[in-house]
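Working notes for the structure below.
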Amino acid sequence: MTENAEVAALLYEFADLLEAQGVEYKPRAYRDAADSVREAPRGALEDPEALDDVGEAIGGKIEEYLETGSIEELEELREEIPVDIEALTRVEGVGPKTAGKLYRELDVRDLDDLEEAAEAGRIRKVKGFGAKTEENILDGLEFARRSHDRMLLGDAAPLSEEVLQRVRDAEGVERAEVAGSLRRRKETIGDIDVVLVSSDRDATTAEVAEYAEDVMQKGESKASYHLEDCQLDLNMVDEDEWGSALVYFTGSMAHNVALRQRAIDQDKKLNEYGVWRDDTRLASETEEEVYRELDMEYVPPELREDRGEVEAAADGELPELVEHGDVRGDLHLHVDRTDGSATIDGLVEKAMELGYSYLAVTEHSEALGVVGGLSDSELRELAADVEEADESSELRLFTGVEANILKDGSIDVGESVLEELEVVVASIHSNLGMEEDEATERLVSAVEHPEVDVIGHPSGRLLNSREGYPYDLDRVLEACIDYGVALELNANPHRLDVDDREVRRCVEAGVPVAVNTDAHAEMEMEYVGYGVSTARRGWAEASDILNSWSVEELEEWLGC
DNA sequence: GCCGTTTTCGGCCCGACTGTTTTCAGTCG
């Protein structure tokens, strides 16, 4: 866990424990502070009180934790309510107050205790609980135990396409779209939200229930299902509320709260049914109308995170985001000379299909022994093959390499070879267990190398499995400006590295971002879509993306 | 506990759904 995530988790726990004790309002304050910490850039905890929603009290506790490794007040709370509140509240329908009550009444401290109490029929005897609640807890336990990580966008997006098609085919459905974090294209997804219009809601929900694992809840306007390892929420709305419902269910929560506040400031009210003044509905049919009624530009879903987009849209200053069609090439591709399966011809064919003008073949270099990285002479042979293919291709094929940044910051390919190759992507693949200073130095050294053009997957993270080493992005960006180097946004859905927030800092610093797929097979070149949506989440325009430049612009930048 | 173009106290997003209630609390998003 990053330091921010670690502190945020403690603050969430603090909030839950307070709520379990029936404390009012404070839990909200701790959660807001936790959200703010989680969203903040690395290093922001040096001055916690500078963050939104962090005041003197919580700021002091953060400092206490960073200095001593614990927070006295939290330790006291944990003694008063010694329960695994994070695990217990993962059970559907169990929140902090329920967890607190079950601890006080039945000494339930963790999932095992909860299961035991439910199976023994002890929960139904507690005042305010019944047989149905006990049953729901038993049902929810299994899911809570196996649902751990959020789904990757790369898994959720194709699944949601399939789900959406089934929903659209269901009886009564006139219109359906995916909303929620999927529509915002977050790197990980909690559940699949669908907004739909149906002429027969009962028939629709019944048909969807047929292929779902089970039905969690079903009401007039809403139904939830378990689907493999995720949850599917159907939100059923009337045709004339489509726009306001889509805004509402797309979120994020923070964006919605900011929109509602803006409505209140204008003597209006915003909910999923529309923008209102008193009992008069002013807008609701399309998202564009809703934003217009709030005197704002339309906000693309990827920006709806309350990271300044509400203010920017009100001032008419939203960026003109990069689009999929703006991408003209892929500058980090592997072939079958090391660990990939693609061929030069195969990559070219796929690139044509994607409407590209160019691509670069950047095979692994020698130090990456595990995949049989290419020696200097083998890199030259591959370059010759790429040049030959270039002659007969409609595309511009760049020669290249994905070189390794060694422990001391040097590059594992000979100078003369690096000079000959047109695109040099430099990446860290070894000695990943570094402290921030060491990692930063290593990256900066690579940036300073005269032949390096792009730093590949800068943090080395793998979503849900490897955190990546910490580094000082500001220092790397400064070096990138000085030496004319781009950072990669690796579009592989397991990486998405740099991430959305880091893209924004690149954009602000004026460092070009290369949206590369790092494809090892032709099909993987399609990952570019995840990269583009992540770039959009980082407020990037086409001009900020290195591989949306024309061949001529790119050749000039590369100096070839 | 945090915040402020109704500022240093008095509010704190809001609606659906469920289960347990005879009017509402807790959870969720």
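Letters A, B, ... are given to chains in the order of the sequence lines, protein chains preceding strands, and every chain is numbered from 1.
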Base, sugar-phosphate, or nothing for [X], non-hydrogen atoms under 4.0 angstrom?
X: A:Asp32; value: nothing
X: A:Ala131; value: sugar-phosphate
X: A:Gln261; value: nothing
X: A:Lys101; value: nothing

Query - Sugar-phosphate or base contact per nucleotide [nucleotides 21-29 of chain B; S, B, -; heavy atom under 4.0 Å] - result: -----SSSB

Expected rows: protein N/O vs nucleotides 7-9 of chain B N/O, under 3.5 Å:
none

Query - Distance between P atoms of B:dT21 and B:dC17 (Å, rounded) - result: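 Those two atoms are separated by 22 Å.
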
Requested in this report: State which residues pass side-chain hydrogen bond (donor to acceptor under 3.5 Å, both in side chains) with A:Trp242; sequence neighbours excluded, sorted by chain then number.
Outcome: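 Not a single residue meets the side-chain hydrogen bond (donor to acceptor under 3.5 Å, both in side chains) criterion with A:Trp242.
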
Query raised in the report: Starting at CG of A:Asp35 and ending at P of B:dC2, how long is that distance when rounded to a whole Å?
Result: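 From A:Asp35 CG to B:dC2 P: 14 Å.
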
**Report entry** Earlier contact from the 5' end, DNA chain B, for A:Asn136 and A:Asp265
**Finding:**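 Taking each residue's closest nucleotide, the earlier one in sequence belongs to A:Asp265.
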
Query raised in the report: Would you say A:Thr133 reaches B:dT20's phosphate, i.e. side-chain N/O to OP1/OP2 under 4.0 Å?
Result: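 Yes, within the criterion.
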
Query raised in the report: Are the side chain of A:Asp112 and the backbone N or O of A:Glu115 linked by a donor-acceptor pair below 3.5 Å?
Result: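 No, because the side chain of A:Asp112 does not come within donor-acceptor range (under 3.5 Å) of the backbone of A:Glu115.
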
Requested in this report: Quick one: sort the A:Tyr291 and A:His255 rings into parallel, tilted or perpendicular, breaks at 30° and 60°.
Outcome: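 Ring orientation, 0 to 90° scale: tilted.
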
